[in-house]
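Report on one structure; see the data block that follows.
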2 protein chains.
Amino acid sequence: MWLAAAELRPVGRDAYATELEAAKASSTLQLLFKAARLLNERAVERLRRLTKVPVRAAHTTLLPHIDLEGTRLTELARRLGVSKQAVGQLVDELVEMGVLERAADPADARAKLVRFTRRGRAGLFEGLAVLKELERELEQRLGAATMRTVHDALGVMVASYGEAAPRR
Amino acid sequence: MWLAAAELRPVGRDAYATELEAAKASSTLQLLFKAARLLNERAVERLRRLTKVPVRAAHTTLLPHIDLEGTRLTELARRLGVSKQAVGQLVDELVEMGVLERAADPADARAKLVRFTRRGRAGLFEGLAVLKELERELEQRLGAATMRTVHDALGVMVASYGEAAPRR
DNA sequence: CGATATCGTCAAGCGTGCTTGACTATACGC
DNA sequence: GCGTATAGTCAAGCACGCTTGACGATATCG
(Lines give C-alpha, C1' and ligand atoms only; values in the text may rest on other atoms or scores of the structure.)
Protein backbone atom coordinates (compact mmCIF):
# COMPACT_ATOMS: atom_id res chain seq x y z
CA MET A 1 0.00 0.00 0.00
CA TRP A 2 2.92 2.28 0.63
CA LEU A 3 4.25 1.55 -2.75
CA ALA A 4 0.91 2.34 -4.32
CA ALA A 5 0.73 5.56 -2.36
CA ALA A 6 4.12 6.68 -3.54
CA GLU A 7 3.27 5.87 -7.12
CA LEU A 8 0.31 8.20 -6.93
CA ARG A 9 2.56 11.06 -5.82
CA PRO A 10 5.24 11.65 -8.45
CA VAL A 11 6.26 14.77 -6.55
CA GLY A 12 8.14 13.88 -3.39
CA ARG A 13 8.83 10.34 -4.42
CA ASP A 14 12.51 10.66 -3.70
CA ALA A 15 11.76 11.88 -0.22
CA TYR A 16 10.09 8.57 0.51
CA ALA A 17 12.52 6.31 -1.26
CA THR A 18 14.39 5.51 1.94
CA GLU A 19 11.13 4.89 3.70
CA LEU A 20 9.97 2.45 1.07
CA GLU A 21 13.27 0.69 1.16
CA ALA A 22 13.00 0.32 4.90
CA ALA A 23 9.44 -0.91 4.63
CA LYS A 24 10.45 -3.55 2.17
CA ALA A 25 13.47 -4.57 4.23
CA SER A 26 11.34 -4.95 7.33
CA SER A 27 8.77 -7.14 5.67
CA THR A 28 10.13 -10.43 6.94
CA LEU A 29 9.02 -9.58 10.44
CA GLN A 30 5.71 -8.22 9.25
CA LEU A 31 5.24 -11.45 7.34
CA LEU A 32 6.09 -13.39 10.46
CA PHE A 33 3.44 -11.57 12.48
CA LYS A 34 0.84 -11.98 9.81
CA ALA A 35 1.60 -15.66 9.20
CA ALA A 36 1.40 -16.43 12.91
CA ARG A 37 -1.91 -14.64 13.27
CA LEU A 38 -3.46 -16.32 10.26
CA LEU A 39 -2.30 -19.82 11.17
CA ASN A 40 -3.40 -19.43 14.75
CA GLU A 41 -6.85 -18.35 13.61
CA ARG A 42 -7.13 -21.35 11.32
CA ALA A 43 -6.00 -23.79 13.99
CA VAL A 44 -8.40 -22.56 16.68
CA GLU A 45 -11.20 -22.42 14.17
CA ARG A 46 -10.67 -26.00 13.00
CA LEU A 47 -10.32 -27.30 16.52
CA ARG A 48 -13.52 -25.62 17.62
CA ARG A 49 -15.38 -27.05 14.67
CA LEU A 50 -13.93 -30.50 15.30
CA THR A 51 -14.46 -30.82 19.03
CA LYS A 52 -17.46 -28.51 19.55
CA VAL A 53 -15.57 -27.19 22.56
CA PRO A 54 -15.43 -23.37 22.69
CA VAL A 55 -11.68 -23.37 23.21
CA ARG A 56 -9.87 -20.06 22.99
CA ALA A 57 -6.28 -19.00 22.42
CA ALA A 58 -5.66 -18.52 26.15
CA HIS A 59 -6.61 -22.15 26.74
CA THR A 60 -4.31 -23.52 24.08
CA THR A 61 -1.53 -21.48 25.66
CA LEU A 62 -2.25 -23.04 29.02
CA LEU A 63 -2.69 -26.71 28.05
CA PRO A 64 0.86 -27.59 27.00
CA HIS A 65 2.08 -26.59 30.47
CA ILE A 66 -0.05 -29.18 32.21
CA ASP A 67 1.91 -32.33 32.97
CA LEU A 68 0.20 -35.63 32.41
CA GLU A 69 0.27 -36.52 36.09
CA GLY A 70 -1.18 -33.13 36.97
CA THR A 71 0.28 -29.72 37.80
CA ARG A 72 -0.46 -27.30 40.62
CA LEU A 73 -2.16 -24.02 39.88
CA THR A 74 0.69 -22.02 41.37
CA GLU A 75 3.16 -23.88 39.21
CA LEU A 76 1.10 -23.20 36.10
CA ALA A 77 0.97 -19.51 36.97
CA ARG A 78 4.73 -19.50 37.38
CA ARG A 79 5.27 -21.21 34.03
CA LEU A 80 2.92 -18.85 32.22
CA GLY A 81 4.20 -15.74 33.96
CA VAL A 82 0.75 -14.58 35.11
CA SER A 83 -1.11 -14.47 38.43
CA LYS A 84 -2.55 -17.66 39.87
CA GLN A 85 -6.02 -16.08 39.83
CA ALA A 86 -5.81 -15.59 36.08
CA VAL A 87 -4.86 -19.22 35.56
CA GLY A 88 -7.55 -20.28 37.99
CA GLN A 89 -10.21 -18.78 35.80
CA LEU A 90 -8.91 -20.49 32.69
CA VAL A 91 -8.82 -23.79 34.54
CA ASP A 92 -12.40 -23.21 35.76
CA GLU A 93 -13.52 -22.81 32.18
CA LEU A 94 -11.69 -25.88 30.99
CA VAL A 95 -13.14 -27.89 33.88
CA GLU A 96 -16.57 -26.65 32.81
CA MET A 97 -15.81 -27.87 29.29
CA GLY A 98 -14.84 -31.27 30.63
CA VAL A 99 -11.23 -30.97 29.51
CA LEU A 100 -9.54 -30.66 32.90
CA GLU A 101 -10.23 -31.75 36.46
CA ARG A 102 -8.83 -30.93 39.88
CA ALA A 103 -7.52 -33.68 42.11
CA ALA A 104 -6.16 -33.50 45.63
CA ASP A 105 -2.38 -33.49 45.75
CA PRO A 106 -1.35 -36.45 47.93
CA ALA A 107 1.86 -34.65 48.84
CA ASP A 108 0.21 -31.47 50.15
CA ALA A 109 -3.31 -31.08 51.49
CA ARG A 110 -3.40 -27.39 50.51
CA ALA A 111 -2.64 -28.12 46.89
CA LYS A 112 -4.66 -29.55 44.03
CA LEU A 113 -3.36 -31.08 40.87
CA VAL A 114 -4.82 -29.79 37.65
CA ARG A 115 -4.89 -32.60 35.12
CA PHE A 116 -6.59 -33.80 31.97
CA THR A 117 -9.79 -35.80 31.99
CA ARG A 118 -10.07 -38.77 29.67
CA ARG A 119 -12.08 -36.61 27.31
CA GLY A 120 -9.56 -33.82 27.68
CA ARG A 121 -6.75 -36.10 26.59
CA ALA A 122 -8.79 -37.14 23.58
CA GLY A 123 -9.37 -33.49 22.71
CA LEU A 124 -5.69 -32.87 23.10
CA PHE A 125 -4.94 -35.52 20.54
CA GLU A 126 -7.34 -33.83 18.20
CA GLY A 127 -5.72 -30.49 18.83
CA LEU A 128 -2.30 -31.84 18.08
CA ALA A 129 -3.73 -33.53 15.02
CA VAL A 130 -5.07 -30.21 13.80
CA LEU A 131 -1.68 -28.58 14.13
CA LYS A 132 -0.09 -31.55 12.44
CA GLU A 133 -2.57 -31.32 9.62
CA LEU A 134 -1.83 -27.64 9.08
CA GLU A 135 1.86 -28.44 9.10
CA ARG A 136 1.41 -31.17 6.53
CA GLU A 137 -0.38 -28.67 4.31
CA LEU A 138 2.47 -26.25 4.68
CA GLU A 139 5.07 -28.89 4.06
CA GLN A 140 3.37 -29.83 0.81
CA ARG A 141 3.55 -26.23 -0.33
CA LEU A 142 7.06 -25.52 0.93
CA GLY A 143 8.91 -28.81 0.66
CA ALA A 144 10.52 -30.76 3.49
CA ALA A 145 13.90 -29.06 3.26
CA THR A 146 12.45 -25.55 3.49
CA MET A 147 10.19 -26.64 6.29
CA ARG A 148 13.18 -27.87 8.24
CA THR A 149 15.08 -24.64 7.63
CA VAL A 150 12.12 -22.60 8.81
CA HIS A 151 11.73 -24.79 11.86
CA ASP A 152 15.36 -24.34 12.86
CA ALA A 153 15.29 -20.62 12.18
CA LEU A 154 12.22 -20.19 14.39
CA GLY A 155 14.01 -22.14 17.08
CA VAL A 156 16.88 -19.71 16.92
CA MET A 157 14.50 -16.75 17.16
CA VAL A 158 12.76 -18.11 20.22
CA ALA A 159 16.05 -18.93 21.86
CA SER A 160 17.48 -15.48 21.05
CA TYR A 161 14.61 -13.48 22.45
CA GLY A 162 14.07 -15.51 25.53
CA GLU A 163 11.08 -16.32 27.66
CA ALA A 164 8.37 -14.36 29.43
CA ALA A 165 9.83 -12.69 32.48
CA PRO A 166 8.70 -14.58 35.60
CA ARG A 167 6.30 -12.71 37.88
CA ARG A 168 6.86 -12.06 41.62
CA MET B 1 7.43 -30.41 29.41
CA TRP B 2 5.43 -33.27 28.01
CA LEU B 3 8.58 -35.18 27.52
CA ALA B 4 9.64 -34.58 31.09
CA ALA B 5 6.22 -35.64 32.29
CA ALA B 6 6.36 -38.90 30.38
CA GLU B 7 9.80 -39.63 31.71
CA LEU B 8 8.48 -39.40 35.21
CA ARG B 9 5.87 -42.05 34.49
CA PRO B 10 7.56 -45.25 33.32
CA VAL B 11 4.16 -46.96 33.45
CA GLY B 12 1.97 -45.81 30.59
CA ARG B 13 4.78 -44.41 28.55
CA ASP B 14 3.77 -46.36 25.47
CA ALA B 15 0.25 -45.01 25.74
CA TYR B 16 1.63 -41.53 25.27
CA ALA B 17 4.21 -42.28 22.64
CA THR B 18 1.91 -41.22 19.82
CA GLU B 19 1.02 -38.10 21.69
CA LEU B 20 4.60 -37.12 22.19
CA GLU B 21 5.36 -37.78 18.58
CA ALA B 22 2.47 -35.55 17.57
CA ALA B 23 3.60 -32.84 19.95
CA LYS B 24 7.06 -32.89 18.52
CA ALA B 25 5.79 -32.92 14.95
CA SER B 26 3.57 -29.94 15.62
CA SER B 27 6.29 -27.86 17.11
CA THR B 28 7.02 -25.84 14.00
CA LEU B 29 3.72 -24.06 14.34
CA GLN B 30 4.14 -23.66 18.06
CA LEU B 31 7.55 -22.20 17.40
CA LEU B 32 6.03 -19.87 14.86
CA PHE B 33 3.50 -18.57 17.36
CA LYS B 34 6.09 -18.13 20.04
CA ALA B 35 8.61 -16.44 17.76
CA ALA B 36 6.02 -13.99 16.50
CA ARG B 37 4.90 -13.12 20.01
CA LEU B 38 8.43 -12.62 21.31
CA LEU B 39 9.60 -10.53 18.38
CA ASN B 40 6.49 -8.39 18.47
CA GLU B 41 7.03 -7.71 22.15
CA ARG B 42 10.62 -6.72 21.55
CA ALA B 43 9.73 -4.43 18.66
CA VAL B 44 6.98 -2.56 20.48
CA GLU B 45 9.13 -2.32 23.57
CA ARG B 46 12.09 -0.82 21.68
CA LEU B 47 9.91 1.57 19.78
CA ARG B 48 8.27 2.81 22.93
CA ARG B 49 11.60 3.34 24.59
CA LEU B 50 12.94 5.12 21.53
CA THR B 51 10.08 7.49 20.77
CA LYS B 52 8.52 7.87 24.23
CA VAL B 53 5.18 7.40 22.49
CA PRO B 54 2.91 4.85 24.21
CA VAL B 55 2.26 3.00 20.97
CA ARG B 56 0.45 -0.31 21.15
CA ALA B 57 0.10 -3.30 18.87
CA ALA B 58 -3.27 -2.12 17.58
CA HIS B 59 -1.64 1.12 16.41
CA THR B 60 1.17 -0.59 14.57
CA THR B 61 -1.44 -2.72 12.84
CA LEU B 62 -3.27 0.39 11.73
CA LEU B 63 -0.39 2.56 10.57
CA PRO B 64 0.77 0.63 7.50
CA HIS B 65 -2.72 1.02 6.02
CA ILE B 66 -2.55 4.79 6.02
CA ASP B 67 -1.52 6.14 2.64
CA LEU B 68 0.94 9.01 2.58
CA GLU B 69 -1.59 11.40 1.04
CA GLY B 70 -4.15 10.39 3.70
CA THR B 71 -6.87 7.75 3.94
CA ARG B 72 -10.52 7.95 4.94
CA LEU B 73 -11.67 6.40 8.17
CA THR B 74 -14.18 4.19 6.39
CA GLU B 75 -11.52 2.96 4.04
CA LEU B 76 -9.19 2.13 6.93
CA ALA B 77 -11.99 0.19 8.61
CA ARG B 78 -12.57 -1.74 5.41
CA ARG B 79 -8.89 -2.57 5.04
CA LEU B 80 -8.59 -3.71 8.63
CA GLY B 81 -11.85 -5.61 8.63
CA VAL B 82 -13.25 -3.89 11.73
CA SER B 83 -15.92 -1.26 12.40
CA LYS B 84 -15.22 2.36 11.61
CA GLN B 85 -15.89 3.26 15.25
CA ALA B 86 -13.08 0.99 16.38
CA VAL B 87 -10.67 2.59 13.95
CA GLY B 88 -11.92 6.02 14.97
CA GLN B 89 -10.79 5.42 18.51
CA LEU B 90 -7.34 4.27 17.47
CA VAL B 91 -6.99 7.33 15.26
CA ASP B 92 -8.09 9.55 18.15
CA GLU B 93 -5.32 8.14 20.27
CA LEU B 94 -2.71 8.54 17.57
CA VAL B 95 -3.85 12.12 17.01
CA GLU B 96 -3.48 12.70 20.73
CA MET B 97 0.06 11.32 20.48
CA GLY B 98 0.84 13.70 17.64
CA VAL B 99 1.36 10.92 15.11
CA LEU B 100 -1.71 11.45 12.93
CA GLU B 101 -3.98 14.33 11.98
CA ARG B 102 -7.33 14.69 10.29
CA ALA B 103 -7.69 16.90 7.23
CA ALA B 104 -10.77 17.76 5.23
CA ASP B 105 -11.10 15.71 2.08
CA PRO B 106 -11.30 18.17 -0.82
CA ALA B 107 -13.25 15.62 -2.84
CA ASP B 108 -16.02 15.08 -0.28
CA ALA B 109 -17.11 17.46 2.47
CA ARG B 110 -18.40 14.58 4.61
CA ALA B 111 -15.07 12.84 4.62
CA LYS B 112 -11.78 13.50 6.36
CA LEU B 113 -8.40 12.23 5.41
CA VAL B 114 -6.38 10.58 8.15
CA ARG B 115 -2.71 11.22 7.53
CA PHE B 116 0.65 11.40 9.21
CA THR B 117 1.94 14.54 10.86
CA ARG B 118 5.56 15.50 10.29
CA ARG B 119 6.41 14.04 13.63
CA GLY B 120 4.38 10.95 12.83
CA ARG B 121 6.38 10.35 9.70
CA ALA B 122 9.57 10.70 11.68
CA GLY B 123 8.28 8.19 14.22
CA LEU B 124 7.36 5.90 11.37
CA PHE B 125 10.93 5.95 10.16
CA GLU B 126 12.05 5.03 13.63
CA GLY B 127 9.52 2.21 13.76
CA LEU B 128 10.71 0.81 10.50
CA ALA B 129 14.25 1.23 11.70
CA VAL B 130 13.47 -0.82 14.79
CA LEU B 131 12.07 -3.64 12.71
CA LYS B 132 15.04 -3.42 10.41
CA GLU B 133 17.39 -3.57 13.35
CA LEU B 134 15.70 -6.67 14.70
CA GLU B 135 15.91 -8.22 11.28
CA ARG B 136 19.59 -7.45 11.03
CA GLU B 137 20.12 -9.16 14.36
CA LEU B 138 18.28 -12.20 13.11
CA GLU B 139 20.13 -12.25 9.84
CA GLN B 140 23.43 -12.26 11.69
CA ARG B 141 22.32 -15.30 13.62
CA LEU B 142 20.69 -17.14 10.75
CA GLY B 143 22.66 -16.15 7.68
CA ALA B 144 21.35 -14.40 4.60
CA ALA B 145 20.35 -17.54 2.72
CA THR B 146 18.29 -18.93 5.58
CA MET B 147 16.73 -15.53 6.10
CA ARG B 148 15.65 -15.44 2.51
CA THR B 149 14.20 -18.96 2.69
CA VAL B 150 12.26 -18.04 5.79
CA HIS B 151 11.01 -14.86 4.18
CA ASP B 152 9.71 -16.72 1.14
CA ALA B 153 8.17 -19.47 3.24
CA LEU B 154 6.30 -16.91 5.33
CA GLY B 155 5.07 -15.30 2.14
CA VAL B 156 3.64 -18.63 1.04
CA MET B 157 1.92 -19.09 4.40
CA VAL B 158 0.29 -15.69 4.30
CA ALA B 159 -0.80 -16.21 0.72
CA SER B 160 -2.18 -19.67 1.49
CA TYR B 161 -4.30 -18.68 4.44
CA GLY B 162 -5.63 -15.50 3.00
CA GLU B 163 -6.74 -12.25 4.44
CA ALA B 164 -9.19 -11.11 7.12
CA ALA B 165 -12.72 -11.51 5.87
CA PRO B 166 -14.15 -8.09 5.01
CA ARG B 167 -16.91 -6.87 7.28
CA ARG B 168 -20.35 -5.72 6.15
C1' DC C 1 -36.49 18.94 -5.43
C1' DG C 2 -36.72 14.71 -2.67
C1' DA C 3 -35.38 10.01 -1.38
C1' DT C 4 -31.68 7.42 -0.11
C1' DA C 5 -26.91 6.25 0.77
C1' DT C 6 -22.52 7.31 2.84
C1' DC C 7 -18.92 9.67 6.19
C1' DG C 8 -17.80 10.54 10.59
C1' DT C 9 -19.06 10.80 15.46
C1' DC C 10 -21.34 10.11 20.08
C1' DA C 11 -22.72 6.82 23.35
C1' DA C 12 -23.17 2.60 25.63
C1' DG C 13 -21.78 -1.91 26.27
C1' DC C 14 -19.34 -6.52 26.00
C1' DG C 15 -15.78 -10.36 26.12
C1' DT C 16 -11.13 -11.37 27.11
C1' DG C 17 -7.28 -11.53 29.79
C1' DC C 18 -5.43 -9.79 33.02
C1' DT C 19 -4.62 -7.26 37.80
C1' DT C 20 -4.68 -6.31 43.14
C1' DG C 21 -6.43 -7.27 47.70
C1' DA C 22 -8.24 -10.10 51.14
C1' DC C 23 -9.14 -14.45 53.16
C1' DT C 24 -9.07 -19.65 54.64
C1' DA C 25 -6.65 -23.81 55.16
C1' DT C 26 -2.58 -26.28 55.45
C1' DA C 27 2.65 -26.85 55.89
C1' DC C 28 6.87 -26.09 57.93
C1' DG C 29 10.80 -24.18 60.67
C1' DC C 30 12.16 -22.95 65.24
C1' DG D 1 3.10 -24.88 69.92
C1' DC D 2 3.66 -20.77 67.40
C1' DG D 3 4.89 -17.70 63.73
C1' DT D 4 5.22 -17.42 59.08
C1' DA D 5 5.05 -18.96 54.36
C1' DT D 6 2.42 -21.16 50.79
C1' DA D 7 -1.88 -23.15 47.90
C1' DG D 8 -6.07 -21.99 46.36
C1' DT D 9 -10.34 -19.14 46.21
C1' DC D 10 -13.53 -15.07 46.27
C1' DA D 11 -14.28 -10.51 44.82
C1' DA D 12 -13.74 -6.32 42.49
C1' DG D 13 -11.85 -3.85 38.93
C1' DC D 14 -9.10 -2.35 34.81
C1' DA D 15 -7.27 -1.93 29.89
C1' DC D 16 -7.91 -3.26 25.47
C1' DG D 17 -10.15 -4.08 21.29
C1' DC D 18 -13.88 -4.56 19.76
C1' DT D 19 -19.31 -4.31 19.00
C1' DT D 20 -24.22 -2.24 18.03
C1' DG D 21 -27.31 1.66 17.64
C1' DA D 22 -28.38 6.26 16.66
C1' DC D 23 -27.59 10.58 14.62
C1' DG D 24 -26.25 14.96 11.88
C1' DA D 25 -24.12 16.38 7.74
C1' DT D 26 -23.18 15.85 3.03
C1' DA D 27 -23.45 13.42 -1.57
C1' DT D 28 -25.85 11.32 -5.23
C1' DC D 29 -29.50 9.60 -8.02
C1' DG D 30 -34.05 9.96 -10.08
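These numbers were taken from a predicted model, which means no experiment stands behind them. The sequence lines fix the lettering, A, B, ..., with proteins before strands; numbering per chain opens at 1.
With sequence neighbours excluded, the residues forming a side-chain contact (heavy atoms from CB on, under 4.5 Å) with A:Ala153 are B:Leu142, B:Thr146, B:Val150, listed by chain and number. For A:Thr149, the side chain to side chain donor-acceptor pair (under 3.5 Å) criterion is met by no residue, not counting sequence neighbours. For B:Glu75, the side-chain contact (heavy atoms from CB on, under 4.5 Å) partners at least two apart in sequence or on another chain are B:Thr71, B:Arg72, B:Arg78, B:Arg79. The side chain to side chain donor-acceptor pair (under 3.5 Å) check on A:Arg48 picks up nothing, with sequence neighbours excluded. With sequence neighbours excluded, the residues satisfying side-chain contact (heavy atoms from CB on, under 4.5 Å) with B:Gln85 are B:Ser83. A search for side chain to side chain donor-acceptor pair (under 3.5 Å) contacts involving A:Asp152 returns nothing, not counting sequence neighbours. Residues that satisfy the side-chain contact (heavy atoms from CB on, under 4.5 Å) test with A:Arg110, not counting sequence neighbours, are A:Asp108. By the side chain to side chain donor-acceptor pair (under 3.5 Å) test, B:Arg136 is found to be paired with no residue, residues two or more places apart in sequence or in another chain being considered.
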What does the list of N/O pairs under 3.5 Å between the protein and nucleotides 12-14 of chain C look like, with a distance for each?
none

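Note: CG (A:Leu76) to P (C:dG17) measures 16 Å, nearest angstrom. Distance B:Leu80 CG to D:dC18 C1': 12 Å, rounded to the nearest Å. Atom CG of A:Leu62 is separated from atom P of C:dT16 by 16 Å (rounded to the nearest Å). To the nearest angstrom, C1' of C:dT16 lies 10 Å from NE2 of A:His59.
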Checklist entry - Going through the distances and angles, do B:Glu69 and B:Arg115 end up as a salt bridge (Lys or Arg N to Asp or Glu O under 4.0 Å)? => result CA-CA 7 Å; B:Glu69 74 273 17; B:Arg115 66 185 186 198; over 6 Å; no
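Side-chain contact between B:Leu100 and B:Leu63 is present, with heavy atoms from C-beta onward closer than 4.5 Å.
Annotation: proximity of residues 43-51 of chain B to DNA chain D (heavy atom, distance under 4.0 Å) is found for no residue.
The salt bridge (charged side-chain N to carboxylate O under 4.0 Å, His left out) contacts involving residues 49-65 of chain A comprise A:Arg56-A:Glu93, where partners must be two or more places apart or lie in separate chains.
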Checklist entry - Could you run down nucleotides 2-9 of chain D 5' to 3' and tag each one B, S or - for protein heavy-atom contact under 4.0 Å? => result ---BBSBB
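When heavy atoms are screened at a 4.0 angstrom cut-off, A:Ala58 is found touching the sugar-phosphate backbone but no base atom.
Between A:Ser83 and C:dT19 there is a side-chain N or O to OP1 or OP2 distance below 4.0 Å.
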